[in-house]
Amino acid sequence: MKITKLEQSGFIFETDKGFKLAVDIGTYTPIEELVGVKVDAMIVSHIHPDHFSLEHIKKLSPTKLYLNGECIEALGEEDITSEVVTIKSGKDEMINEIKVQIFEVDHGPNVRTRPKENFGFLFTIDGQNVYFGGDIFYPSGMDVTNLEIDYALLPVGTHYTFGPEEAFAFAKTFKKIGKVIAMHNRGVQEKTNEFLKLAEGNFMAE
């Protein structure tokens, strides 16, 4: 498995067989960075534009697009080539050979527009577990105390999500973590640095 991080909370996971799944590539990723980038599928955690962007979806042109009901409603009559699949909390999906467990997370009190659905994901890719916290503000969703994962993708940006201290405290509740990748940290490098300092001696982080 290969993980490519883009801006904010955007990722591309590539399996050993070359299947590519995009996650939450939104408005903070310059569209020109996606020239020549092709993915097989895309999944979106919630409707906020830094995670869900029609322009970016069209540019990536995934064969299958996995969205919650609120995002599908926002598509309206837009002409996209992707097959749209509805996702729901508590309903697992198989995206090619990638297993996805979907759970609701709490976005907290500071969002201007509260999404109707706000998901986190647990991906199993080539035998490795990848926890994607989405825009999580309070510990919520899946019980992680008995969860052994290879990668935890956690927001550290503060105000709308976990800050560095909250992300660190949450990471320590997992049974085992291989590596933490900080996200939702565009423009707040000092928050990333604070998280990395906390992580030293506890687990690998970037």
Side-chain angles (χ1 to χ4, degrees), residues 1-46 48-53 55-57 59-62 65-66 95-96 98 100-102 105 118-137 144 149-164 166-168 170-171 174 177-200 202-206:
M1 176 188 63
K2 177 182 178 182
I3 299 177
T4 301
K5 185 180 186 301
L6 285 82
E7 288 73 19
Q8 195 70 334
S9 304
F11 291 88
I12 295 176
F13 303 137
E14 182 174 357
T15 70
D16 292 344
K17 293 182 179 179
F19 183 87
K20 292 182 179 181
L21 173 65
V23 183
D24 278 20
I25 298 176
T27 52
Y28 287 152
T29 294
I31 202 74
E32 58 269 19
E33 287 190 12
L34 301 179
V35 173
V37 177
K38 296 296 180 184
V39 299
D40 300 288
M42 184 171 183
I43 191 168
V44 176
S45 66
H46 67 290
H48 290 157
D50 55 332
H51 301 258
F52 170 69
S53 163
E55 181 183 18
H56 290 69
I57 290 168
K59 190 68 177 179
L60 288 166
S61 189
L65 178 61
Y66 294 79
I95 303 178
N96 192 262
I98 299 174
V100 189
Q101 298 178 58
I102 303 164
V105 294
N118 182 52
F119 294 156
F121 305 121
L122 178 64
F123 301 99
T124 302
I125 307 170
D126 295 328
Q128 297 186 74
N129 290 325
V130 181
Y131 178 95
F132 175 88
D135 276 10
I136 184 172
F137 185 93
V144 301
I149 59 168
D150 299 280
Y151 297 92
L153 316 182
L154 298 179
V156 302
T158 309
H159 192 68
Y160 298 118
T161 67
F162 282 159
E166 292 81 9
F168 175 67
F170 183 68
F174 285 76
I177 286 180
K179 186 176 189 178
V180 178
I181 300 176
M183 65 176 187
H184 209 279
N185 53 351
R186 178 184 177 272
V188 287
Q189 185 60 43
E190 72 280 3
K191 298 297 183 184
T192 305
N193 294 341
E194 184 180 341
F195 175 78
L196 295 178
K197 186 174 181 179
L198 289 167
E200 287 180 7
N202 291 278
F203 37 70
M204 295 175 59
E206 66 176 47

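- Between the CZ atom of Phe137 and the NE2 atom of His159 there is a distance of 8.5 Å, given to the nearest 0.5 Å.
- Lys191 is not listed as a side-chain neighbour of Asn185, based on a closest heavy-atom distance of 4.5 Å or more.
- A heavy-atom distance below 4.5 Å is found between the side chains of Phe11 and Met183.
- Between Ile177 and Lys179 the shortest heavy-atom distance is CG2-N, 3.4 Å.
- Summarising the geometry, atom CZ belonging to Phe19 is positioned 5.5 Å from atom CD1 belonging to Ile98; distances are rounded to the nearest 0.5 Å.
- Expressed to the nearest 0.5 Å, how far OG1 of Thr161 lies from CD of Glu166 amounts to 8.5 Å.
- Taking both residues in full, the closest heavy atoms of Ile43 and Leu21 are given as N-CD1, 4.1 Å, listed atom of the first, atom of the second, then distance.
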As a quick check of understanding, evaluate side-chain contact (heavy atoms from CB on, under 4.5 Å) for Thr192 and Glu206, giving each step before the final call. CA-CA 8 Å; Thr192 305; Glu206 66 176 47; over 6 Å; no
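- Counting heavy atoms of neighbouring residues, nucleotides and ligands inside a 6.0 Å radius, atom NZ of Lys2 does not exceed 12 of them.
- Minimum interatomic distance between Thr29 and Glu7 (heavy atoms only, all atoms of both residues): OG1-OE1, 2.9 Å.
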The test is side-chain contact (heavy atoms from CB on, under 4.5 Å); show your working for Ile102 and Phe121 and say whether it passes. CA-CA 5 Å; Ile102 303 164; Phe121 305 121; 4.0 Å; yes
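- Counting heavy atoms from C-beta outward, Met1 and Val130 have side chains that approach closer than 4.5 Å.
- Shortest non-hydrogen contact noted between Gly26 and His56 is O-NE2, 3.1 Å.
- Side-chain contact check for Leu122 versus Ile149: some heavy-atom pair is nearer than 4.5 Å.
- Residue His184 holds its NE2 atom at 4.5 Å from CG of Asp50, rounded to the nearest 0.5 Å.
- Contact check for Thr158 versus Pro164: side-chain heavy atoms found under the 4.5 Å cut-off.
- In this structure, the side chains of Phe195 and Val180 come closer than 4.5 Å at one or more pairs of heavy atoms.
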One pair to check against ring pair (Phe, Tyr, Trp, His ring centres under 6.0 Å): Phe203 and Phe174. What are the steps and the verdict? CA-CA 11 Å; Phe203 37 70; Phe174 285 76; 9.1 Å; no
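- A donor-acceptor pair under 3.5 Å is formed between the side chain of Asn202 and the backbone N or O of Glu200.
- In this structure, His51 NE2 and Thr27 OG1 are separated by 8.5 Å, a value rounded to the nearest 0.5 Å.
- Taking CZ of Phe13 as the start and CG of Leu153 as the end, the distance is 5.0 Å to the nearest 0.5 Å.
- Considering all non-hydrogen atoms of both residues, Leu6 and Ile12 come closest at CD1-CG1, 4.2 Å.
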Please evaluate residues Leu154 and Tyr131 with respect to the criterion side-chain contact (heavy atoms from CB on, under 4.5 Å), reporting the C-alpha separation (whole Å), side-chain torsions for both, the decisive distance (0.1 Å), and the verdict. CA-CA 8 Å; Leu154 298 179; Tyr131 178 95; 3.8 Å; yes
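- Within the 4.5 Å cutoff, no side-chain heavy atoms of Val156 are placed close to those of Phe162.
- Counting all heavy atoms, side chain and backbone alike, His46 lies closest to Phe52 at O-CB, 3.4 Å.
- Between Glu14 and Thr4, every side-chain heavy-atom pair lies at or beyond the 4.5 Å cut-off.
- No hydrogens or angles considered: nothing links the side chains of Ser9 and Asp24 as a donor-acceptor pair under 3.5 Å.
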